[in-house]
Every structure is written in structure tokens, then in C-alpha cells.
Amino acid sequence: MIRVRFAPSPTGDLHVGGARTALFNWLYARHLGGTFILRIEDTDGARNTEEAARGILKGLRWLGLDWDEGPDVGGDYGPYFQSQRKSIYAAYFAKLEAAGRVYTEDNGAVRFKFSRTSITVHDLVCGDVTFAPTEEPDMTIRRPDGSYIFHFVNVVDDIEMRMTHVFRGEDHLSNTWKHIDLFNALGATPPTYAHIPLILNPDGTKMSKRDEGSAIEKSYMHEGFLPEAVFNYLAMLGWTPRTEGEKLSSEALVSLFDPAEIHSSNARFDMHKCQWFNAQYLRELSPEALLAAARPFLDKAGLSITNDAIAAAAVFSVKEKVSHLTEIPAWVHYFFREDYSYENDVVTKLKAKPENTTLLNAAASALATLIDWTEVSIQTAIEEAAKIASVKAGALMPLLRFALSGQARGPGVTTIAHLIGQSSTLRRIERTVLML
RNA sequence: GACCCCUUCGUCUAACGGUUAGGACACAUCCCUUUCACGGAUGCGAUACGAGUUCGAUUCUCGUAGGGGUCGCCA
């Protein structure tokens, strides 16, 4: 039974790099039917916040990365906050003391005495990496105030929590020999490591907070991405299953996952591709599901929904025009309000030709007589009105689009008319004619 | 500076040592079309450089260059 963990430090928002690390851990656990553990590494009281910890849990849940042991769910190896595990660290520290592997500095800080031997990391991704003894100073593991430092608590917890594998960012590779040294000194067997490549900015620099696309909550949850899309994109960054397409469900990714296939080179983040995945997933949603996903964004734009069926049809009618949910309000606002404004150049165009008024009135007359208000009947009425006026339907459609939506682009004119209803359609045409 | 990892189209990537070096995103053009899109078609575009091994190297080895990482009383 394999046990893996994601061990974030709550110093800020969940970062894409961290999210992907969590994702690979999760995929591995689910693939093998193992256990995925979430451990919060909050030993730095000065920089950790409860808010950040909550945000990380929120982000992981949003992505669908559920943990089997950890905060909120418990487990047999808790507590899962390092700040609550001080007595455990003290016990392990005593072991090192007994083994004569620590010494105290003048100010009270304690260092771990390296073995100064050659140490090889057997890494699932990087292969065998051997580190020769260095001149590096011994590693501090306890502060003068008695609190313990990352390298030490990380190793102790991995021993205590029975971790079998450690998937983490490649930025830890260079320190891994120190961790193995510590495992050895504590008489424990090190886990199997898998150091996954880092995610870089498009320009190749290290991606950090503030960079575009780096924060899960701010860049994805708030920007109208679907979790499945982000999940899929992140999984494919640095790993490629041998399949034809790239759009794969989390179930498919779980069954295909193989850590040996993870690349050892860094990957650059590509927001375009991530958006493409999002657009793919967006188009698959049913009208109801799309409305549910878009609702918070419609609310935020001040569009009040009075009829769910119509609202669902409205958002559904523009789903192929957007790649994020945040784009939807601008495409559908006129479905929800009668006082929509007209795009500037639209008005100019309408006024340019006096006959436009005549054409709109002709269309209104034809539409006013309809008993059945269906897309087909609307289409027929418009075509007939055009025929009588000796113009092509293609010339009349844009005028109606402007009148009904105030915009030059959007769903089919008949779809708009059908959704807003006959009375609103006639009212909107009249309103437009009066303005000209 | 020392040590570690990495290097195929702009980006993500595929290619038992033998392929016209393939696909996806992006971009461009065309088709479809009442608009914008979607979709379809086509195009653009890469093995960092130099040696070596080999009949043959994107693939194996070494070197160079470039990128990234680590060397905290941060995690």
C-alpha cells in the first residue's frame, strides 16, 4: 500500500506548481489505490496564516484533489498540522542527540552533523543522482527558541506518517541528499523520490506569485475556468500519456498515470493552451450545468435571472464564443435587461441608411402577426418580410440583430428573438426605430 | 563561485539507432456562414553547437553554450 503526501506551507495562495505537485501525488495514489495525505507545514509562525491554509484546502478541493488523511478528514497519523506535532519532533531530536549527530551553536541553534559520505538519490523521474561530500556547513535543524526547521520536520513526518513515495518539485532535488542523511541517522528507510520539473513563465523565468496564471484561486477560480480543464492542462504539463487526444477525464488520467513517464525538463506555462482546454470543457456542458457554472459571473455583472430555463438557453447560445465564464455576461446581458445600450458604431451604421427604418418596421409587422413563436416561424416571417421589401434576408438580419441586442455579433437572430419573446422583440424594434 | 537537473517547431510534446522528424496550442490563408464563433482544409515552423561511437545518431558518449535549481536559524 503506497502512501504519498502533498505538504504545502501556508504562506500564500495555492500556486500552480504546488497544485500540479499535489495532482501528481493524487494521480499516483488513485492509480495504485494508495493513500493521499495532506499535511500542512506551518512551522514558520511568522509567515504562515490560517487564511492561507484555508485557501489551499479550498483550491485543492476545487480541483477535485480529495485527500484521505489530513485537515478536516483526520486519519491515524495525525495531527496533520506540523505546528501541533512538537512532542513528536522532540522525540526524534533526542534520537539524533543520542547518536551524537547534533551540536549546539553559541546562540542555541542546533545543527545536524552531516555524514560527509557520497549519497545517491534513486529518483523515479531523474534516475540515480549521486552527490559527493561537500564543504557545505552542517544543517540547522532547530532554532534557538526550540522550534524545528523544515528539513528536519519534513523527514520526521515522512517517517511517522509512513510515506512510501515523495513527489515534489525539482527545486528540492539538490537538498534530498540531506534528507536521506537524516533518514539514515534516524535509522529509517528513505521513501522513493520523484522530483517533478518546475513550471516556468512563458519567458523561461521562474514562475512565482504575481505572475500570470500562478495563483489557483485568483487566476482560475475567479477567472471562470472549469476545474476539469485546469486539472487536465496541469496533468499534461510535463507528462504525456500515450493516447491520441489530450483531452482526458480525471478517471482516464488516473488509469493512465505512470510516474516513469514524467519528463525531467521544465515546462513553460501557456495560458492559451489552458484556455483551449477550458473552451473544450465548456462546450460539453448541458444548458443547466453551464448556467450553474456561469451564475456567479452573471450575478457579479448585475444580471438578475428571473427565468432559469431562458437563462440557461441564453448562456448555452453563446457557449462556443467564449473560453472563460467571465466572458459570458458581455455576450448575454441583453437577454436579461431591456435597457441594453447600443454599440457606438452600430448606431452610426444604422443611421447611415434611411431605409433601415422601413426595413425594421416591415420586419416588425411580419413578426407581429405570428401566432406561433418558434425559431422556424420567426425565420420564415423575416424571410417573407425581406422578400416583400426586395432585399435579401441576409441584409435584414444584421439590422434585427442590432435592434434586439445592440450588438454586431452574437447568437443567431432567430434564437435571440425566440428567447426574449414576441412582445420584447417588437418593443425592441420599436425602441430602435424611434432612436433613428 | 560550488554542486545538481535540463535542452526536438514560438509553447506543450511524439518518434525499438533507420520516419518526407508526427500531433496539439498559437499564428496565417481558404471553406462553411445573417454576425461573432464552432467546425473543416491548407500553410508556417524544430532536433542548441562541436566532436566521438556506428553502415546509419533526434536517439548512445564526451565537451561547449544556454536555461533552471540548490547551497537560510524560509518551506
Side-chain angles (χ1 to χ4, degrees), chain A residues 7-12 18 40-44 46-48 82 105 107-111 121 123 125-127 129-137 139-151 153-154 168-178 195 197-207 233 236-247 263-277 279-280 283 317-323 331 346 379 382-383 386 392-402 405 407-416:
Chain A
S9 174
T11 54
I40 305 297
E41 307 215 330
D42 56 348
T43 55
D44 184 357
R47 306 203 313 166
N48 301 145
Q82 288 185 329
E105 300 272 273
N107 67 1
V110 180
R111 284 179 190 270
V121 179
D123 196 280
V125 174
C126 305
V129 182
T130 300
F131 293 85
T134 71
E135 306 284 305
E136 249 182 75
M139 168 169 72
T140 306
I141 59 172
R142 196 175 75 173
R143 302 184 182 92
D145 69 2
S147 62
Y148 296 92
I149 284 158
F150 165 74
H151 300 290
V153 296
N154 185 270
R168 51 164 38 160
E170 197 215 80
D171 48 340
H172 288 293
L173 182 59
S174 296
N175 282 326
T176 302
W177 66 270
K178 301 174 190 174
H195 286 92
L198 269 22
I199 298 178
L200 270 27
N201 284 315
D203 67 359
T205 56
K206 186 183 183 180
M207 188 182 239
Y233 175 68
M236 306 298 270
L237 205 53
W239 170 58
T240 314
R242 295 194 178 87
T243 53
E244 304 162 21
E246 295 180 78
K247 184 167 165 294
H263 298 175
S264 43
S265 57
N266 292 338
R268 297 187 189 204
F269 182 81
D270 183 0
M271 184 54 95
H272 274 298
K273 185 102 182 218
C274 189
Q275 287 175 342
W276 176 79
F277 272 106
Q280 299 303 307
R283 281 172 208 143
S317 74
V318 301
K319 74 176 195 304
E320 278 159 358
K321 305 174 190 309
V322 303
S323 63
W331 283 92
V346 169
Q379 176 76 28
I382 294 172
E383 281 170 4
K392 290 179 183 173
L396 187 47
M397 289 294 186
L399 299 180
L400 285 168
R401 172 187 304 291
F402 295 154
S405 71
Q407 301 193 338
R409 56 183 66 167
V413 170
T414 53
T415 301
I416 299 174

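All values below come from the heavy atoms of this structure, side chains included, with hydrogens, waters and symmetry mates left out. Quick note on labels: first sequence line is chain A, next is B, and so on, each numbered from 1.
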Exercise. Can you find a pair of side-chain heavy atoms, one from A/Tyr233 and one from A/Asp270, that are under 4.5 Å apart?
Worked result: yes
Would you indicate what [X] reaches in the nucleic acid, counting non-hydrogen atoms under 4.0 angstrom: base, sugar-phosphate, or nothing?
X: A/Ala393; answer: nothing
X: A/Lys178; answer: sugar-phosphate
X: A/Thr134; answer: nothing
X: A/Thr11; answer: nothing
X: A/Lys319; answer: nothing
X: A/Gly412; answer: base
X: A/Pro202; answer: nothing
X: A/Arg283; answer: sugar-phosphate
X: A/Val413; answer: base
X: A/Phe277; answer: nothing
X: A/Gly204; answer: sugar-phosphate

Distance, rounded to the nearest Å, where [X] contributes [atom1] and [N] contributes [atom2]:
X: A/Asn266; N: B/U13; atom1: CG; atom2: C1'; value: 15 Å
X: A/Gln379; N: B/U34; atom1: CD; atom2: C1'; value: 8 Å
X: A/Lys392; N: B/U34; atom1: NZ; atom2: C1'; value: 12 Å
X: A/Phe131; N: B/C3; atom1: CZ; atom2: C1'; value: 8 Å
X: A/Leu198; N: B/G67; atom1: CG; atom2: C1'; value: 12 Å
X: A/Glu136; N: B/G1; atom1: CD; atom2: C1'; value: 13 Å
X: A/Leu237; N: B/A14; atom1: CG; atom2: P; value: 12 Å
X: A/Met236; N: B/U11; atom1: CE; atom2: P; value: 18 Å

Okay, side chain of [X], backbone of [Y]: is any donor-acceptor separation there less than 3.5 Å?
X: A/Arg142; Y: A/Gly108; result: no
X: A/Asn201; Y: A/Asp203; result: no
X: A/Asn266; Y: A/Ile199; result: no

Exercise. Can B/C71 be described as syn, meaning its chi torsion is within 90° of 0, or is it anti?
Worked result: anti
Could you work out which one of [options] sits closest to the side chain of [X]?
X: A/Val129; options: B/U34, B/C4, B/U13; result: B/C4
X: A/Ser9; options: B/U13, B/A75, B/G72; result: B/A75
X: A/Lys206; options: B/U34, B/A75, B/G68; result: B/G68
X: A/Gln280; options: B/A24, B/G39, B/C12; result: B/G39

So does [X] reach the base of [N] with its side chain, donor to acceptor, closer than 3.5 Å?
X: A/Arg401; N: B/U34; answer: yes
X: A/Ser174; N: B/G69; answer: yes
X: A/Lys273; N: B/A26; answer: no

For [N] and [X] - does any side-chain N or O of the residue sit under 4.0 Å from the phosphate oxygens OP1/OP2?
X: A/Ser265; N: B/G68; result: no
X: A/His263; N: B/A14; result: yes
X: A/Arg143; N: B/C74; result: yes
X: A/Asn175; N: B/C71; result: yes

Both distances below 3.5 Å, Watson-Crick or wobble geometry, any strand: find the nucleotide opposite [N].
N: B/C62; result: B/G50
N: B/G1; result: B/C71
N: B/G18; result: B/C55
N: B/C25; result: B/G10
N: B/G39; result: B/C31

Exercise. How long is the gap from CZ on A/Phe277 to CD on A/Glu246, to the nearest 0.5 Å?
Worked result: 5.0 Å
Problem set entry | Residue mapping more 5' on RNA chain B - nearest nucleotide basis, A/Thr130 or A/Asp270 | A/Thr130
Seminar exercise, completed: Closest to the 5' end of RNA chain B, once A/Pro398 and A/Leu173 are matched to their nearest nucleotides, is A/Leu173
Rounding to the closest angstrom, what is the interatomic distance between [N] and [M] at atom [atom1]?
N: B/C31; M: B/G69; atom1: P; answer: 48 Å
N: B/C5; M: B/A21; atom1: P; answer: 32 Å
N: B/G40; M: B/G56; atom1: C1'; answer: 40 Å
N: B/U59; M: B/U7; atom1: C1'; answer: 14 Å
N: B/U8; M: B/A57; atom1: C1'; answer: 14 Å
N: B/G45; M: B/C9; atom1: P; answer: 14 Å
N: B/U29; M: B/A51; atom1: C1'; answer: 44 Å
N: B/A14; M: B/U54; atom1: P; answer: 30 Å

For this session: Apply side-chain contact (heavy atoms from CB on, under 4.5 Å) to A/Arg111 and A/Thr140, showing your working.
Result: CA-CA 4 Å; A/Arg111 284 179 190 270; A/Thr140 306; 3.4 Å; yes
Exercise. Distance only, no hydrogens: is a donor on one side chain within 3.5 Å (strictly under) of an acceptor on the other, for A/Arg143 and A/Ser147?
Worked result: yes
Problem set entry | Pair A/Ser9, A/Arg47: side-chain N/O donor-acceptor within cut-off below 3.5 Å | no
Problem set entry | Reference residue A/His195; test side-chain hydrogen bond (donor to acceptor under 3.5 Å, both in side chains); the match among A/His172, A/Glu170, A/Arg168 | A/Arg168
